[in-house]
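Below is one structure; the comments refer to it alone.
Whatever order the structure lists them in is the order used to number ligands and atoms, beginning at 1. Along the sequence shown, residues carry numbers from 1. Just so you know, these numbers use all the heavy atoms, side chains as well, and skip hydrogens, waters and symmetry mates.
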Amino acid sequence: MKAVVKLAPGEGNIEVKDVPIPQIKPDEVLVAVKGTGLCGTDSLLYNWTYKGRAPVPTPIVLGHEGAGEIVEIGSQVQNVKVGDRVALDALIGCGTCYFCRRGLTYLCKDWDHLGISFDGTFAEYCAIPAIAVRTLPDGVAWDDVAFLEIMAVVAHTMERIKVFSGDKVVIIGPGPLGQFHLQAVKAAGAGPIIMVGTAGDDARLQVARNIGADHTLDESKMDAVEAIMDLTGGVGADIVIEAGGTPGAVATAFEVARGGAQLAFLGFAKHAQFVPLNAVRSTFNVQFVLAGLGRHVEQAIRWVEAGDMLGSRLITHRISLDEADYGFQEMIERRAVKVYFEMEEK
Ligand SMILES: [Zn+2]
Ligand SMILES: [Zn+2]
């Protein structure tokens, strides 16, 4: 079968190769991948700047956002059957540690992750433990459910903050994470919604306008803090979602939040500065959000069914596995929001 393989550590080292179809273990299923997308993390793996809890093994088939149809089940598998349409849970906890016992899989120190610790979805077929698949409702399109992994992160944010109709929301970072949050707060009735990007984000800011951002700002061309203050009557935003991942994005988030605002941080900035004195005086309500859990995936599936959050709205590039390298470049250069691999019909 065809697969996009990271062959060795270091920048690049990615090749589209013919590899054997995976052999499943008794507790696994074999999924014919029908749709899969590039995530920001894949760009980090391409550049080899990804910092995980454990070294990434190579060679490895990349890809952890995907959906497909079960074509084979292991001898012990009872929860699903051949022919089921499923989405894949990317993160699999050890099941026995302190955090797993409390359902907080993303804090497990011994996790497995599709496309990061074992072969992923940028391939015609993918083997995965049966506990990590979720049956999809009939009628949902592959390009709408291929990104449930990232949508689940958004569901996690929405669980931690309260969004009311008419809330003024600032989202910093028009990448996939920021854009899915935009769809979620829009569906919850927030507005106006202001998306903040920087130099080189033109294409992404256009997508944000297409899916309902009331204002988009390029902070390289203006004083974004001042502009947001103007747009919020001099008060600041009720809700700020930071998905930019830079020290500047973190600083801006604190500067544009009104007193008592809710802030959610999802970016991976390695350092940042804020002024505790101001934050305390402003009584900010701050959340840090990492991954989604099972209940968040279930919520994300409901969003798709309701038409409130659709992956297809964010696809800027539809390519084949053979064009993977082009897809990675478009993602790294921030010309893409979502790069989607159209799988050939078998
Ligand atoms: Zn991801
Ligand atoms: Zn664990």
Side-chain angles (χ1 to χ4, degrees), residues 4 6 14 27 33 35-54 56 60-68 87-123 126 128-129 131-132 134 143-157 173-181 183-184 204 243-245 265-268 289-294 296-297 300 309 311 314-317 324 327-328 330-332 334 336-341:
V4 180
K6 176 92 185 177
I14 280 177
D27 63 341
V33 179
T36 178
L38 265 173
C39 164
T41 307
D42 296 312
S43 308
L44 301 178
L45 289 164
Y46 184 98
N47 288 331
W48 209 243
T49 50
Y50 171 78
K51 297 263 183 296
R53 294 204 176 100
V56 176
I60 185 169
V61 176
L62 297 178
H64 57 267
E65 293 176 355
L88 312 181
D89 254 0
L91 183 65
I92 302 161
C94 74
T96 58
C97 73
Y98 177 91
F99 296 108
C100 284
R101 290 199 313 273
R102 281 154 184 79
L104 302 171
T105 320
Y106 49 75
L107 294 176
C108 175
K109 297 234 177 343
D110 195 22
W111 55 247
D112 256 322
H113 198 295
L114 180 66
I116 295 178
S117 73
F118 66 99
D119 283 342
T121 55
F122 296 166
C126 169
I128 187 164
I131 53 160
R134 282 172 195 280
D143 56 2
D144 284 326
V145 290
F147 314 123
L148 283 174
E149 187 255 345
I150 188 167
M151 292 184 193
V153 182
V154 178
H156 191 178
T157 304
L177 204 47
Q179 306 268 12
F180 277 113
H181 277 89
Q183 291 195 49
R204 289 177 160 189
F265 289 90
L266 293 102
F268 282 177
V289 185
L290 179 60
L293 295 168
H296 304 124
V297 180
M309 191 181 303
L314 297 183
I315 297 172
T316 49
H317 296 61
F328 276 104
E330 290 294 289
M331 193 72 185
I332 290 164
R334 289 185 283 132
V337 175
K338 288 308 289 184
V339 174
Y340 180 72
F341 291 105

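Taking the ring centre of Phe99 as origin, the terminal cationic atom of Lys109 falls outside the region bounded by 6.0 Å and 45° from the ring axis.
The distance cut-off of 2.8 Å around the Zn ion (ligand 1) captures these protein N, O or S atoms, sorted by chain and number: Cys39 SG, His64 NE2.
At the Zn ion (ligand 2), the vertex angle linking SG of Cys97 with SG of Cys100 is 110° (nearest 10 degrees).
Lys6 places a side-chain N or O within 3.5 Å of a backbone atom of Tyr46 that can act as its donor or acceptor partner. One N or O on the side chain of Asp42 and one on the backbone of Cys39 form a donor-acceptor pair closer than 3.5 Å.
Centroid-to-centroid, the aromatic rings of Tyr106 and His156 come within less than 6.0 Å.
Side-chain contact annotation: His64 with Thr121, donor-acceptor N/O pair under 3.5 Å absent.
Applying the 6.0 Å contact sphere to OH of Tyr50 captures more than 12 heavy atoms from other residues, nucleotides or ligands.
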